[in-house]
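Okay, so here's the structure we're looking at.
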Amino acid sequence: MRVSLKWLKDLVDVDLSITDLCDRMDMTGTKVEAVHTLGAALDGVVVGLVLTREKHPDAEKLSYCSVDVGDGEPRNIVCGADNFSAGDKVPVALVGATLPNGLTIKRAKLRGLESQGMLCSATELGVGGDASGLLILSADAPVGESFSAYYGMSDTVLELEVTPNRPDCLSVVGVAREIGAITNKPVKEPRSKPTEADDATGDAVSVTIENPELCSRYTARIIRGVKIGPSPAWLAERVVASGARPINNVVDITNYVMFELGQPLHAFDLSTIAATDDKAAIIVRSAREGETLRTLDGQDRELTAETLVIADPSGPVALAGVMGGESTEVSETTVDILLESASFDRASVSRTSRRLGLISEASIRFERGVDPEIAVRAADRAAELLAEIAGGSVSKGIVDEYPVKARPRRITLRIGRMNDHLGISLVPREVMAILSGLGIYSELAGDDLAVTVPTFRPDIEREVDLHEEVVRVWGMERVPSTLPGGRERVGALTETQARRNRIGVALRAAGLNEHLALAFADPVDMERMSWSLGPDEVPVDLLNPMSGEQSQMRWTLSVGLLKAVSYNQRRGVADVHMYELGTVFWTSPGRKSPKERPMVAGVLAGSWNQAGWNETSVPLDFFDGKGVVETLLDEMDITRWRMRAAVLPWLQPGRAAEIIIGGDVAGWIGEVAPSVLDAYEVTGPVTLFELNVKMLIKASSSEVRYVELPRFPAATLDLALVVDEDVTAERVLDSIRSAGKPLLESVTLFDVYRDAKDAGVRRLPEGKCSLAFSLTYRAADRTLTDEEVKPAHERLVRKVCKAVGAEVRG
Amino acid sequence: MSIVDELRALQAEAVAALGSVSDLGTLEDVRIAFLGKKGSLTAVLRGLGSLPPEERPAVGKVSNEVRVALEEAIESRRGELAGAALADRFVAEAIDVTLPGRHRLPGKQHLISQTLDDIVQVFLGLGYKIGEGPEVELDYYNFTALNHPPEHPARAATDTFYVRDLSGDHAAVDGESDVLLRTHTSPVQVHVMERQQPPIYVLAPGRVYRRDVADPSHLPQFTQIEGLVVDEGITFGDLKGTLEHFVREIFGPKRRVRLRPHFFPFTEPSAEVDISCGMCGGSGCRSCSGEGWIEVLGSGMVDPNVFGYVGIDPERYSGFAFGVGAERVAALKYGIPDLRLFVDGDMRFLRQF
């Protein structure tokens, strides 16, 4: 919302500096987003008269004009705008002028023709937001005069952030009231009583409201014999300062009154409205399916039964509260005007505006709520101006259909409750003064206040809304700061939350860095990963994604990590070790809300470190990833787990495993398959793992108990076994542990040997490998003797060899 | 030569030998040569038995003196030689301490997670618990129960991501679906209040989604932290005090805080919270657009309509709520110029914090 400070000063005495005013407005809820100074540095811009306008011979969209700038030497100027003709008066920037946007005007050749200046739009002059065409000045503008002097331009425009609950502040009067309330100044509201002619409005127009729930009030006035033309400078200036573009006196007046009072108005050309019984017949109704309307912007609009329209007996003539129709528009030939000042339902206007993608100054105001009580006042104000400026004659009376009367709301404000809620202690007198400044009437009723809220404040519905009014005007900065004093509360993480945090701690300790990826997925990722969801599971589709590549919710964290590896590799960062703790999504036919599952995934590529003077750089592989997972499981105190070779399409066959915790598959780990590496443009080897967080947390032991430290020495023996290649280390280890009870304390696999494929000398039989273990025997209550250990060890060797088909390597 | 003379000569000989010893091995040889079982002193002493008994005590005394003197001389020499050997070793083993160390660096926590943890710590200290909710929400929790009117613009498909609803329901609200990616963590407020009666002191961090094109100051997904307090006697002053404490804990004690009245559908009164600009200290600069203040969060007293949706009596209880964006906090605190850095996964970025 843009408000002219000059305009405000007509209504309220502003004695603060601009900075202080802005601060005060910021701190009471109407944030001043920007302050524009109009007319600054417009030296060299003068009022010009377009003498001739011809098409540029070599450029379709350019015109070649001769412009009188008052010094007897008409300038030849090339211009790209299209909204003017010979005879119009426009602002001309002469050679040497510098515009507010920093552009300095020079003599220039445009497509072969020399241009000696520039014709300007409102935006280029910094006097408004309209960049669509030249700023057309009133016919009485003196040619050659300095533009800023003529335009009365020394105004300041405040750009306000008006929150959606404050429709009243979408008007100069509303902002003036707000400033009055926060600076303790009275407000002079404009009042009008147009001089009326003898012909009665009611004889010329009828209004029928078919949907009173969508149109609570519709008023019509008639102004006859207007002369359409440019607006006088003061009017155009205010329209421009408010961010609109001057069009003609009639349209500018309706805009002016809308900016001033917040009531959108619409002027119909009376002669174009079809009549019933010799009266122009306005009907407010829902559109019928299949009806169309060409709106003022030249677009044909398809209407639905949801659209509220203004119609005459021949069909729709305007979209209620959004935009008028082209066929009934005020044009240069218009003589008589039917002026609409009405109140439409907020939601209805909002739906129509959104459905058609059509946002207008009117729809913005109706969407937030326009006070039905100002309809007549706005119509009177516009009628008076139309008479004064456009020479119209105002018909007698106003047709006012007002089926749903707005009434001031009454609220009881309990002062004690208010003070308790805000943490302040005001007395009734102070509260009444604040409310009174806002135009809200209140009187004492015992300890309470009986409050009457004017209809221009539809946001104040409840006691708590009054609390807000009081605290924002009194000053939030004055409220004493306290902390809640509630008893019996303890801040703590739940067991689950604390365990979840341990996942990140363990992975970081293991050397992984945390990544947070976007949680979107590309449907093609499913193919790229050769992934499939469970039976009856489908990905979660977004109905309105930002792009195709982000049109699903991710069903794995792995893709995000692979993409991050690719991102890093493309930037020359080869060593990538990262993890993500995040949510994956899926759904099934028949489900409303998708399922969400917290997961943790990690990726390792490159090496842990670059080679240094005292360390080598070792490429990371499966076992580095497995080591990370083992660290994680150990830190989570998860003991019952194992890994089992598995076939997972996105992982390289033979280098992939499922991670099984307590008998359930809780995740997987492996080196990424070459096809997947190619799909994500990643250089391998890359090891990935992904685990279900809930299962980790569930398996995480909550009770860890002390195990007594050994007091007696251990006996350590080595054992090398030759087994078939397909006998897993896990099987041999399990067998050793089981056979070693009760004296075997621990077993470590310290060497794995197999003959190289092309080895000249074979040390092992074909298809065999050798596993070397270090076995530690210990008893808790005595020092083991050789006599005890030896038979135990021999028994173990026999059992294990039998169980796994091993031979002791000689 | 008397036996005593012989002993003295032996002593002199030994001292001379010790003087020329230059390592511990030779020293041991010398010791053995004089004091060993077959050593010269031992041999002299063996001859003691052939002496007349009256001479024995005097000779015995001298021989003992010589033995002790020799032992001491050997030990002293041993000390000298050991010290020299150690000194040599130290020289030989000296290193350039400025050479880089050998390490396996632990990983880093993402800056956003660090920021969340920092904020969580502040509120654990104030007695809050941590709440959670789904990222895919129903319109009811994200909007309706938070007092958003049906035509509220935030519901528009241009602002909010909608998810295909496979239940066969046809949603009444705006468009084809009332299943959406939550646009804020505020729906957790509703879940918490549905599950639990006051007193409620809860902090809910989580991911949220808005249909913004990723650019230096926007991401379609970011991280919010919601705070909710509902108890008897909670005041606007409590909200203000809590937020001031929070801002000082996170941004440091020098920052000033102001609450600026604003509007949110689910709080009344509502306030935006600004902190004084860290670059200029409040005098106005480029990073605060000359305002001296930077907006960091939204807050307010829980609207009674919200209490109505969850069945909490607004006459008995009152409460406050606030929401803050972790990316914004982190960007302000660490001077991050482009929010996209948070989601790119560039190792060089991740390793910085």
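As a basis for the values below, the full set of heavy atoms in this structure was taken, side chains included, without hydrogen atoms, waters or symmetry mates.
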**Message:** Tell me whether the count of non-hydrogen atoms from other residues, nucleotides or ligands lying under 6.0 Å of CG in A:Leu493 goes above 12.
**Reply:** yes

**A:Arg570 CZ: over 12 foreign heavy atoms closer than 6.0 Å** = yes

Nearest non-hydrogen partners of [X] and [Y], listed with the distance:
X	Y	result
A:Val479	B:Gly237	CG1-CA, 3.7 Å
A:Gln550	B:Pro220	OE1-CG, 4.5 Å
A:His421	B:Ser318	CD2-CB, 3.9 Å
B:Gly101	A:Asn614	C-ND2, 4.2 Å
A:Pro484	B:Thr242	CD-OG1, 3.5 Å

Considering only heavy atoms and a distance below 4.5 Å, find which of [options] pairs most often with chain B.
options	result
A:Leu518, A:Asp541, A:Leu516, A:Leu581	A:Leu516
A:Glu463, A:Arg571, A:Arg166	A:Arg571
A:Ala564, A:Ala519, A:Ser593	A:Ala519
A:Val573, A:Val490, A:Thr494	A:Val490
A:Cys22, A:Ser350, A:Ser481	A:Ser481
A:Glu367, A:Glu469, A:His515	A:His515

Quick one: does [X]'s side chain have a donor or acceptor within less than 3.5 Å of a partner on [Y]'s backbone?
X	Y	value
A:Gln497	B:Ile130	yes
A:Thr482	B:Asp238	yes
B:Glu135	A:Thr583	no
A:Glu514	B:His110	yes

Counting only non-hydrogen atoms closer than 4.5 Å, does [X] touch chain A with its backbone (N, CA, C, O), its side chain (CB onward), both, or neither?
X	answer
B:Leu180	neither
B:Leu181	side chain
B:Glu244	side chain
B:Pro314	backbone
B:Asp231	side chain
B:Val213	both
B:Arg211	both
B:Phe342	backbone
B:Thr160	backbone

Can you find a side-chain donor-acceptor pair between [X] and [Y] that sits under 3.5 Å?
X	Y	value
B:Arg351	A:Asn513	yes
B:Asn305	A:Arg462	yes
A:Asn544	B:Tyr162	no

If I measure from the heavy atoms of chain B, does [X] come under 4.5 Å with its side chain, its backbone, both, or neither?
X	answer
A:Val540	side chain
A:Asp23	neither
A:Gln552	neither
A:Ser588	backbone
A:Val538	side chain
A:Ala492	backbone
A:Pro480	backbone

**Message:** If you apply the rule side chain to side chain contact (heavy atoms under 4.5 Å, CB included), what do you find for B:Leu259 with A:Glu477, and how did you get there?
**Reply:** CA-CA 7 Å; B:Leu259 271 67; A:Glu477 70 279 6; over 6 Å; no

**Item:** side chain to side chain contact (heavy atoms under 4.5 Å, CB included) between B:Glu315 and A:Arg417, worked out
**Value:** CA-CA 9 Å; B:Glu315 284 295 309; A:Arg417 166 105 187 131; 4.1 Å; yes

4.5 Å side-chain heavy-atom contact, [X] and [Y]:
X	Y	answer
A:Asn568	B:Asp346	yes
B:Met301	A:His467	no
A:Leu422	B:Pro269	yes
A:Met578	B:Met347	yes
A:Met476	B:Pro261	yes
A:Arg508	B:Lys108	no

Looking at [options], which has the largest count of heavy-atom pairs under 4.5 Å with chain A?
options	answer
B:Leu111, B:Asp212, B:Asp117	B:Asp212
B:Pro134, B:Gly300, B:Pro199, B:Ala271	B:Pro134
B:Phe263, B:Phe222, B:Phe264	B:Phe263

Ion pair [X]/[Y], N-O distance below 4.0 Å:
X	Y	result
B:Glu291	A:Lys31	yes
B:Arg207	A:Glu580	yes
A:Lys592	B:Asp178	yes
A:Glu615	B:Arg104	no
A:Asp26	B:Arg260	no

**Asked** So how far is it from B:Arg164 CZ to A:Ser551 OG, rounded to the nearest 0.5 Å?
**Response** 9.5 Å

**Straight-line distance of B:Gln109 CD to A:Leu512 CG, nearest 0.5 Å** = 13.5 Å

**Request:** Please work out which of the three classes, parallel, tilted or perpendicular, describes the rings of B:Tyr209 and A:Phe520, given edges at 30° and 60°.
**Result:** perpendicular

**Request:** With A:Thr587 as reference, evaluate B:Val136, B:Val163, B:Leu166 under the side-chain contact (heavy atoms from CB on, under 4.5 Å) test and give the passing residue.
**Result:** B:Leu166

**Prompt:** Under the salt bridge (Lys or Arg N to Asp or Glu O under 4.0 Å) criterion, do B:Glu132 and A:Arg500 qualify, and how do the steps go?
**Reply:** CA-CA 13 Å; B:Glu132 284 150 25; A:Arg500 187 174 190 277; over 6 Å; no

